[in-house]
Asker: 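What follows is a structure written as C-alpha cells; I'll ask about it next.
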2 protein chains.
Amino acid sequence: MPRPTKQSPERGGARIRLLEAARDIIRAKGFAATTVDDLCKTAAVTKGAFFHNFGSKDALGVAAAEFWAETTSGFFAAASYHDPADALERILAYVAFRKAIIAGDLAAFTCLVGTMAQEVYASSPDIRDACGRSIFGHTATLEADIEAARRDHGIAGDWTAESLARHTQAVIQGAFILAKAGNDPALARESLDHLDRYIRHLFHVAEDDAK
Amino acid sequence: MPRPTKQSPERGGARIRLLEAARDIIRAKGFAATTVDDLCKTAAVTKGAFFHNFGSKDALGVAAAEFWAETTSGFFAAASYHDPADALERILAYVAFRKAIIAGDLAAFTCLVGTMAQEVYASSPDIRDACGRSIFGHTATLEADIEAARRDHGIAGDWTAESLARHTQAVIQGAFILAKAGNDPALARESLDHLDRYIRHLFHVAEDDAK
DNA sequence: TGACATATACCGACTGTATGGTATGTATAG
DNA sequence: CTATACATACCATACAGTCGGTATATGTCA
C-alpha cells in the first residue's frame, strides 16, 4: 500500500491506514505495547499525520474501537447466516459461522474490542465504553432472531433473549482467551460446539450429526 | 505493610510482596502498562530488590502466573464446593461458587492469567505458557468430577469431560470480558447462570428455582 | 480569469520524561 | 569469609506528544 504522492493525491488515506494498522497491531500486541511509532511505520505515515488525525493515543484507541464496530457490523450484516427462513436456524448458522472463521493466525480472527476492553477497562474509560458499545451493539443484532425463535418454538424458560445474546458473546470472547493461552484455535472451536449444543438444548432440537 | 527493618529482618518478603503487587496491579492495568516502578512502589521495595528477585520484567510475569496458579489452586482446593457426595452436585456447586465470588471491584475477582494471556500471547511466549499451565491446570481439577457425574447419571453425548471443563473456563473468562466492557459484574454472573443451565441440560436434571 | 486568503492534510526534526535495566555498595546470616 | 538480600545512584533508550513548515484544494472578490 504505497504512500500517496503529491502527483496522485489520494489524501485522507492516512487516517484509514492508521486505523487498519491499529486493528492488526493491537490485536497482536495489545494496546499499551503498541507504540505510536509502530502504527506510523505500518501505516507508512509520519507522526505529524498521526497527531493531525488523532489528538492522542487514547483518541486513536476510541477511533479504532468505532472503526471495528463499523467494519464488523458490515461484515456480519453481509454474511449468509441470515439466509434461513427459520429464526432458530439463523441463530445456529450464526454460531456455525463464528466457528468457521476461527482459523489460521490468532491475531487474524480474535476480537479487537474484547482485547482492548480487557486491558484498558480501568485506565481508559473512553476506550472501554467504545469497546462496550461495539460488543453490545453486536449482541443486539442477535436478539430479534432469538426472540422470534422462542415464539416460533413456544419456549418458556427463565432466560431472556438479551441475556442469551450476551452469553453467546461471552462464550466467543472466552474461547479466544483459551485459544491464546493454549496457542491453539481448536480450543476456541471446541467451546462453540458446546454453545451450539446449549442452544439446541434450549430449543429442544436434536444435535447436528455432521460436525 | 511495613518494610522489613534491619532489626527485625523478615527478609525475603520482597519477592512475595512484589508478586502480590503484580497480581493486583496487572489485573487493573494490564501487563504492559504496569511499570517496574509501580510494582516497587506498591511493594515498598527498591529496584535493586526487584531485579535481584527477578531477572527481568518478563521473568516477573512468568513468576506472577506461577504464583497465581499456586495461590488459586490452594483457594479452590479449600473451597466447600467439594463437599457434596454427588459428583454432579459438586460441579454445580463449583459454578455457583464461581458466581458467588463475582462481586465488588472488577480487579478483585477477575483472572490474572486470563488477562495476561490475552495481552502477551504473541509477544511473550514464556508468560503465555505459564498462563496456559495455570488455566489448564485448573480445568483439569474439574475433569474427574465431570467424568464421575457422567458415569453416575449414565450420560452419553458426543462431548468429553476435558472439553466441558475447558468450556467452563471459557465461559468464566468471557464473562469477565463482558463485565469489564459493560463495567458491571452482573453481566458476568448472567453468563454463569447460562452455564449452570447448560450443565443441568447435559445431565438431564431440573433447573434450580432458588437463583 | 487571476490574485489572494484560508483550510486541510501531512511532514519531520525535536523534547521532556518515563522506563527497563545496570553497577556498585552494604548489612546480615550462617 | 562467603552468600544472600537488599539499597541507591545512575544510564541509554524509547516513548508520547509538540512545533514550525509545506503542498494542495477551495473559496472569493475584483
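Nothing here was measured: the structure is a model prediction, and the numbers come from that model. Below, chains carry the letters A, B, ... as their sequence lines are ordered, and counting in each starts from 1.
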Asker: Establish, yes or no, whether the cationic atom of B/K57 lies under 6.0 Å from the six-membered ring centre of B/F31 and within 45° of the ring axis.
Answerer: yes
Asker: Measure CZ/A/F54 against P/C/dA9 and give the value in whole Å, please.
Answerer: 12 Å
Asker: Among D/dA7, D/dT18, C/dT22, find the nucleotide with the atom closest to the side chain of B/F51.
Answerer: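 It is C/dT22.
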Asker: Donor-acceptor pair, distance only, cut-off 3.5 Å: does the side chain of A/K180 make one with the backbone of B/G114?
Answerer: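 Judged by distance alone, no pair lies under 3.5 Å.
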Asker: Between C/dG20, D/dA16, C/dC11, which nucleotide has the shortest distance from any of its atoms to the side chain of B/K57?
Answerer: C/dG20
Asker: Without decimals, in angstroms, what is the distance between A/F50 CZ and D/dT18 P?
Answerer: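 That distance rounds to 12 Å.
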Asker: Which one, D/dA16, D/dC6, C/dC10, comes nearest to the side chain of A/V36?
Answerer: D/dA16
Asker: Can a cation-pi geometry be assigned to B/R150 and B/W159, taking NZ or CZ under 6.0 Å from the six-membered ring centre and within 45° of the ring axis?
Answerer: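 The answer is yes, since B/R150 meets both limits relative to B/W159.
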Asker: Tell me whether B/K99 forms a cation-pi arrangement with B/Y94, defined as NZ or CZ under 6.0 Å from the six-membered ring centre and within 45 degrees of its axis.
Answerer: no
Asker: How many Å lie between CG on B/L39 and P on C/dA18, as a whole number?
Answerer: 17 Å
Asker: Tell me the interatomic distance from A/K41, atom NZ, to D/dC15, atom C1', rounded to whole angstroms.
Answerer: 14 Å
Asker: Both A/G48 and A/A33 contact DNA chain D. Which one's nearest nucleotide lies toward the 5' end?
Answerer: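 Looking at DNA chain D, the more 5' nearest nucleotide goes with A/A33.
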Asker: Would you mind reading off the distance between A/H52 atom NE2 and C/dA7 atom P, rounded to a whole angstrom?
Answerer: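 Spelled out: NE2 on A/H52 to P on C/dA7 is 13 Å.
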Asker: Check whether any side-chain N or O of A/N53 sits under 4.0 Å from OP1 or OP2 of C/dC10, and answer yes or no.
Answerer: yes
Asker: Select from A/K47 and B/D37 the residue whose nearest nucleotide in DNA chain C is closer to the 5' end of that strand.
Answerer: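 Its nucleotide being nearer the 5' end, the pick is A/K47.
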Asker: Rounded to whole Å, how long is the line connecting atom CG of A/L18 with atom P of D/dG17?
Answerer: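 In whole Å, D/dG17 P lies 14 Å from A/L18 CG.
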Asker: When you measure from the side chain of B/T35, which nucleotide among C/dG20, D/dA5, D/dA16 comes out closest?
Answerer: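 The answer is C/dG20.
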